[in-house]
Novice: 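I'd like to ask you about the structure that follows.
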Amino acid sequence: MEKKLYITTAIPYVNGTPHIGNALDYLLADIWTRYQKQNDREVRFQVGTDEHGNKIAAKAAEAGLDPQTYTNQMYTNFELLMQKMGASYTDFIRTTDPHHIGAVQFIWQTLLPYIYKGTYEGLYCAGCEAFITAKEATNNGGVCPDHKAPYQTISEDNYYFKASALTDRVKEAINSGQMQIVPEFRKKEFLELIKDGLQDVSISRPKKNLSWGVPVPGDSEQVMYVWLDALANYLTVLGFPDRQGWRVYWPADIQVVGKDILRFHAGLWPAMLLGLGLELPKKLLVHGHVNVGGVKMSKSIGNVVDPIQVIDEYGVDAFRYFFSRHIPTLDDGDFTWDKFENAYNTELVNDLGNVVQRVASMITRYQAGVIGHIPQGEHDMGTYHESMDNLEFDKAIDEVWLMVRSLNQYIEHIKPWEIAKNIKTDTEAESHLNEVLAYAVGALLQIGDLLVPFLPDTAAKIHHIFETGVVIPIDGVFFPRVYIHTTDPRVKKA
RNA sequence: CGCGGGGUGGAGCAGUCUGGUUAGCUCGGAUGGCUCAUAACCAUCAGGUCGUAGGUUCGAAUCCUACCCCCGCAACCA
């Protein structure tokens with residue numbers, strides 16, 4: 001069977017609302033997917049939600065709901081974001097899906113040679129019914145801020161996954177590039193982190209402490225804990241192990257993850273796969289975090305940016321534009337309304353929107369909308385494709401704007417409006433003008449092609465306007481100028 | 001000496017590996033041009049001791065040494 005392409009995104013915990021980090025996952029995966037499809041590749045694109053765990057159960061109880069009813073309501077928040085973003089996903093998995101649960105239990109059983117029972121000891125808050133990290137305890141002065149009670153040191157029986165035994169093989173896979181970590185500095189960072197070996201991971205909890213999860217096969221007292229359940233989704237969504245076809249897609253070509261969860265995807269996850277005797281994902285695309293004015297987004301500071309708000313105010317392509325071009329694909333980025341609105345108004349409106357409009361308008365005015373023979377755009381796109389292949393999407397889209405810019409320069413240089421003054425009396429001028437405008441259209445169509453992965457709606461509009469050979473009049477303004485969060489400079493001058 | 005990333009005109013970045021024309025690009029600012037276009041577009045100009053101090057070299061943002069500053073991470077966080 002021929003291997004088909006497969007890309008995954010991290011599944012967010014439904015205990016909350018979608019944030020910009022989730023959006024970034026979907027956006028990057030979607031850009032890649034559309035790019036591959038444009039090149040006639042078949043792609044499966046997974047998204048989903050993580051729905052087990054104590055925090056979910058607690059939230060549900062708070063709302064007076066059982067956990068399943070609660071997650072049934074909550075997961076739609078994420079679905080809504082994906083749809084608003086135009087994410088062209090093919091599979092949506094919820095960890096509460098019956099097939100997933102069964103498949104995770106199968107995985108557990110297959111991994112039994114690597115599973116042993118041990119005792120977990122740590123700081124615990126009875127009020128929260130949760131273990132907390134030593135660091136967190138220190139930060140809180142050893143007292144739970146919610147329950148005003150000092151943490152206790154307690155121990156409980158857990159099953160452990162012997163990731164340590166697979167350390168060498170995981171390291172080897174990373175070093176050899178069998179499982180590539182992009183960008184390179186994340187690979188270095190991670191290898192440094194595990195230089196003393198992978199740690200065994202606690203993968204279950206006593207049922208009395210964790211009721212909402214996948215039951216451990218053969219031990220009714222234990223429930224699976226977080227990561228084993230969550231990571232397995234990348235396989236189970238394909239139908240692993242019992243449904244046909246998953247082998248056509250596994251191993252994943254790209255797994256998109258945020259830098260905060262790299263360690264799970266580069267450590268525990270490949271160890272699990274090795275334990276299962278499966279191939280490792282080919283690439284982990286590790287993106288950074290989005291800061292606001294140089295500061296981390298956090299609820300307590302109150303600077304959280306809601307991706308849905310951005311889309312509702314400016315449109316999906318404006319959102320996709322900013323986050324693909326101005327947030328570096330492989331590093332941290334910075335968002336402010338100022339930056340966003342400036343990029344929108346200068347680059348989408350003034351550069352791209354305007355050039356589309358002026359070309360369409362000239363053809364309509366001088367040639368009654370008839371374009372004639374459209375030559376192929378001839379801009380060299382080597383850098384664009386190279387950047388796409390290197391997963392540096394920000395650089396690829398930069399390249400498109402270079403074209404927009406040079407098209408504006410070309411128009412300014414040729415001055416079609418000057419030529420147009422003579423077309424009534426001079427047939428040479430008439431054909432020259434036709435040639436010039438057709439060339440401009442060719443360039444715009446090429447720009448449209450290159451924008452397909454990034455701004456699908458805009459690309460479709462550009463094609464719609466020009467591709468028939470007769471300009472279809474633009475409905476309204478291509479990208480309307482917007483001043484919601486900043487001051488309109490025109491108002492000042494008036 | 002914990003690990004990693006970074007410090008380049010007002011802002012954001014490229015250039016550093018493989019030293020060598022006037023340190024490049026976008027935004028912002030100023031001036032001029034144009035009128036097809038969304039007060040858009042195009043051109044020109046202003047603005048940088050390339051974190052600091054030494055060193056190597058005919059020549060350093062680029063190589064070496066020391067130091068200063070900023071950011072992220074430091075393991076069960078879904």
Side-chain angles (χ1 to χ4, degrees), chain A residues 10-16 49-56 95 120 122 131-136 158 160-161 163 183 185-196 198-203 225-231 233 259-264 267-268 288-289 291 294-296 325-326 328 331-334 336 338-339 342-343 345-366 394-395 398 401-402 405 407-420 433 437 440 474 476-482 488-491 493-494:
Chain A
I11 55 172
Y13 206 52
V14 290
N15 169 30
T49 45
D50 185 7
E51 305 188 357
H52 287 130
N54 263 343
K55 284 184 183 165
I56 299 286
T95 56
Y120 183 89
F131 284 95
I132 57 120
T133 62
K135 184 184 176 184
E136 202 179 333
N158 282 188
Y160 278 80
F161 176 63
F185 72 88
R186 295 285 175 211
K187 166 182 164 181
K188 272 166 69 179
E189 211 173 76
F190 183 73
L191 284 172
E192 184 62 37
L193 184 70
I194 60 163
K195 65 167 186 271
D196 297 325
L198 291 170
Q199 239 182 33
D200 290 353
V201 183
S202 159
I203 51 169
Y225 185 61
V226 296
W227 283 101
L228 191 90
D229 175 12
L231 288 166
N233 94 84
K259 65 175 184 180
D260 52 322
I261 53 172
L262 171 64
R263 65 188 49 167
F264 301 103
L268 173 60
H289 285 174
N291 297 318
V295 181
K296 275 195 208 182
R325 186 171 187 208
H326 292 286
D331 211 339
D332 287 354
D334 198 59
T336 62
D338 220 56
K339 283 181 180 179
N342 186 53
N345 283 323
T346 62
E347 295 162 15
L348 279 178
V349 175
N350 293 350
D351 292 341
L352 180 64
N354 181 54
V355 80
V356 168
Q357 200 120 335
R358 70 196 299 208
V359 170
S361 156
M362 282 191 280
I363 293 168
T364 304
R365 182 189 285 225
Y366 303 141
D394 52 328
K395 289 189 179 159
D398 266 348
W401 251 256
L402 233 50
R405 217 178 159 68
L407 180 56
N408 265 325
Q409 288 166 342
Y410 170 79
I411 292 170
E412 211 64 37
H413 180 71
I414 300 280
K415 299 183 174 40
W417 52 90
E418 294 284 343
I419 306 173
L433 180 63
L437 294 176
I474 298 170
V477 176
F478 201 72
F479 274 110
R481 204 164 275 283
V482 180
D488 185 341
R490 295 170 299 182
V491 172
K493 285 174 186 168

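Reckoned from all heavy atoms, side chains included, excluding hydrogens, waters and symmetry mates.
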Novice: Just call it for Ser361(A): base, sugar-phosphate, or nothing, with non-hydrogen atoms closer than 4.0 Å on any strand.
Specialist: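 Answer is sugar-phosphate: Ser361(A) comes under 4.0 Å of backbone atoms only.
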
Novice: Let me know the distance between CG of Asn350(A) and C1' of G28(B), rounded to the nearest Å.
Specialist: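 Value for this atom pair: 13 Å.
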
Novice: Are the side chain of Asn354(A) and the backbone N or O of Val349(A) linked by a donor-acceptor pair below 3.5 Å?
Specialist: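 A pair under 3.5 Å: no.
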
Novice: Verify whether one side chain among Asp229(A) and His52(A) offers a donor that lies under 3.5 Å from an acceptor in the other.
Specialist: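 Yes, a side-chain donor-acceptor pair sits under 3.5 Å.
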
Novice: Rounding to a whole Å, what distance do you find between Phe478(A):CZ and C41(B):P?
Specialist: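 Interatomic distance, CZ of Phe478(A) to P of C41(B): 16 Å.
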
Novice: Assign Ile261(A) to base, sugar-phosphate, or nothing according to its heavy-atom contacts below 4.0 angstrom with the strands shown.
Specialist: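 Counting heavy atoms under 4.0 Å across all strands, the contact made by Ile261(A) includes a base.
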
Novice: For G28(B) and A11(B), measure between their C1' atoms and round to the nearest Å.
Specialist: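 7 Å, rounded to whole Å.
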
Novice: OP1 or OP2 of A43(B) versus the side-chain N and O atoms of Gln409(A): is any pair under 4.0 Å?
Specialist: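 Checking Gln409(A) against A43(B): at least one side-chain N or O falls below 4.0 Å of OP1 or OP2.
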
Novice: Under 3.5 Å between N/O atoms: give me all the protein pairs with nucleotides 29-34 of chain B, atom names plus distance.
Specialist:
unit_1: G33(B); atom_1: N2; unit_2: Glu412(A); atom_2: OE2; d: 3.4

Novice: With sequence neighbours excluded, tell me which residues meet side-chain contact (heavy atoms from CB on, under 4.5 Å) with Ile474(A).
Specialist: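 Residues passing side-chain contact (heavy atoms from CB on, under 4.5 Å) with Ile474(A): Val356(A), Gln357(A), Ala360(A), Ile465(A), Phe478(A).
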
Novice: Using the C1' atoms only, state how far C3(B) lies from U52(B), rounded to an integer number of Å.
Specialist: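 That atom pair is separated by 24 Å.
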
Novice: Nearest-Å distance, CG (Leu437(A)) to P (A37(B))?
Specialist: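 Distance, rounded to whole Å: 13 Å.
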
Novice: Please name all residues satisfying ring-ring contact (aromatic ring centres under 6.0 Å, His included) with Phe264(A), sequence neighbours left out, ordered by chain then number.
Specialist: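 Result, ring-ring contact (aromatic ring centres under 6.0 Å, His included) vs Phe264(A): Trp227(A).
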
Novice: If every non-hydrogen atom of His289(A) is compared with every non-hydrogen atom of Asp260(A), which pair is closest and at what distance?
Specialist: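 Distance-wise, the nearest heavy atoms are NE2-OD1, 3.3 Å.
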
Novice: Could you work out the separation of C64(B) and U57(B) based on their P atoms and round it to a whole Å?
Specialist: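 My reading of the P atoms in C64(B) and U57(B) gives 16 Å.
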
Novice: When rounded to the nearest Å, what value does the distance between C1' atoms of A30(B) and G72(B) take?
Specialist: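 It comes out at 39 Å once rounded to the nearest Å.
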
Novice: Does the side chain of Phe190(A) reach to within under 4.5 Å of the side chain of Leu262(A), using non-hydrogen atoms?
Specialist: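 Result yes, sub-4.5 Å side-chain heavy-atom pair found.
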
Novice: Would you tabulate the pairs of protein nitrogen or oxygen atoms and nucleotide nitrogen or oxygen atoms of nucleotides 2-4 of chain B closer than 3.5 angstrom?
Specialist:
unit_1: G4(B); atom_1: O2'; unit_2: Glu189(A); atom_2: OE2; d: 3.3

Novice: Could you tell me how far A61(B) sits from G55(B) if I compare only their P atoms? Round to whole Å.
Specialist: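 Their P atoms lie roughly 15 Å apart.
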
Novice: To the closest 0.5 Å, what do you measure between CZ (Arg358(A)) and CE (Met362(A))?
Specialist: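 CE of Met362(A) is found 5.5 Å from CZ of Arg358(A).
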
Novice: Quick one: on RNA chain B, does Val359(A) or Lys259(A) contact a more 5' nucleotide (nearest heavy atom)?
Specialist: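 The residue mapped nearer the 5' terminus is Val359(A).
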
Novice: Who pairs with Glu347(A) by side-chain contact (heavy atoms from CB on, under 4.5 Å), at least two apart in sequence or on another chain?
Specialist: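 With sequence neighbours excluded, Glu347(A) shows a side-chain contact (heavy atoms from CB on, under 4.5 Å) to Tyr321(A), Arg325(A), His326(A), Ala343(A), Asp351(A), Trp401(A), given in chain and number order.
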
Novice: Holding to side-chain contact (heavy atoms from CB on, under 4.5 Å), I want the full list of residues that pass it with Lys415(A), two or more places apart in sequence or in another chain.
Specialist: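 Partners of Lys415(A) under the side-chain contact (heavy atoms from CB on, under 4.5 Å) test: Trp417(A), Glu418(A).
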
Novice: Give me, pair by pair, the N or O atoms of the protein and of nucleotides 23-27 of chain B that are less than 3.5 Å apart, along with how far apart they are.
Specialist:
unit_1: U26(B); atom_1: OP1; unit_2: Arg405(A); atom_2: NE; d: 2.9
unit_1: U26(B); atom_1: OP1; unit_2: Arg405(A); atom_2: NH2; d: 2.9
unit_1: C27(B); atom_1: O2'; unit_2: Asn342(A); atom_2: ND2; d: 2.5

Novice: Take the protein atom CG of Asn345(A) and the nucleotide atom C1' of A39(B), then report the distance between them rounded to whole Å.
Specialist: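 Atom-to-atom, Asn345(A) to A39(B), this comes out as 12 Å.
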
Novice: Just how far, in rounded Å, is C1' of C73(B) from CZ of Phe264(A)?
Specialist: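 Spelled out: CZ on Phe264(A) to C1' on C73(B) is 13 Å.
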
Novice: Could you give the NZ-to-P distance, from Lys395(A) to G12(B), as a whole number of Å?
Specialist: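 Whole-Å distance recorded here is 18 Å.
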
Novice: Without swapping roles, check the side chain of Asn233(A) against the backbone of Ala230(A) for a donor-acceptor pair under 3.5 Å.
Specialist: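 Yes; judged by distance alone, with no hydrogens or angles, the pair exists.
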
Novice: Any side-chain N or O of Arg365(A) under 4.0 Å from OP1/OP2 of A37(B)?
Specialist: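 Yes, such a contact exists.
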
Novice: Defining pairs by Watson-Crick or G-U wobble geometry with both distances under 3.5 Å, how would you list the stems of RNA chain B with at least three pairs each?
Specialist: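 Paired runs of 3+ in RNA chain B: B:2-7 with B:68-73, B:10-13 with B:24-27, B:29-33 with B:41-45, B:51-55 with B:63-67.
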
Novice: Does Asp331(A) have any salt bridge (charged side-chain N to carboxylate O under 4.0 Å, His left out) partners at least two apart in sequence or in another chain, and if so, which?
Specialist: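 With sequence neighbours excluded, Asp331(A) shows a salt bridge (charged side-chain N to carboxylate O under 4.0 Å, His left out) to no residue whatsoever.
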
Novice: Could you tell me whether Lys259(A) and Asp332(A) have a side-chain N and a carboxylate O separated by less than 4.0 Å?
Specialist: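 So Lys259(A) pairs with Asp332(A) through a salt bridge.
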
Novice: Considering only A75(B), A78(B), A37(B), which nucleotide approaches the side chain of Asp50(A) most closely?
Specialist: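 So the nucleotide nearest the side chain must be A78(B).
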
Novice: Starting from C1' on A37(B), measure out to CZ on Arg358(A) and report it in whole angstrom.
Specialist: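 Checked: the CZ to C1' distance equals 6 Å.
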
Novice: Would you measure the distance from the P atom in C17(B) across to the matching atom in C63(B) and give it in whole Å?
Specialist: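 Per the computed distance, 5 Å lies between those P atoms.
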
Novice: Show the distances under 3.5 angstrom between N or O atoms of the protein and N or O atoms of nucleotides 69-71 of chain B.
Specialist:
none

Novice: Please report, rounded to the nearest Å, how far the C1' atom of C36(B) is from the CD1 atom of Ile474(A).
Specialist: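 Value for this atom pair: 12 Å.
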
Novice: Any base atoms under 4.0 Å from Gly353(A), or only sugar-phosphate, or nothing? Heavy atoms, all strands.
Specialist: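 Base, at least one base atom sits under 4.0 Å.
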
Novice: Partners of Lys55(A) by side chain to side chain donor-acceptor pair (under 3.5 Å), sequence neighbours excluded?
Specialist: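 Here no residue qualifies.
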
Novice: Nearest-nucleotide wise, let me know which of Asn408(A) and Tyr366(A) is further upstream toward the 5' end of RNA chain B.
Specialist: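 Final value for this comparison: Tyr366(A).
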
Novice: If the condition is salt bridge (charged side-chain N to carboxylate O under 4.0 Å, His left out), which residues does Asp394(A) pass it with, not counting sequence neighbours?
Specialist: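 If we apply the salt bridge (charged side-chain N to carboxylate O under 4.0 Å, His left out) test to Asp394(A), skipping adjacent residues, there are no hits.
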
Novice: When we call it a touch if two heavy atoms are under 4.0 Å apart, what does Ile11(A) touch: a base, just sugar-phosphate, or nothing?
Specialist: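 Base contact.
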
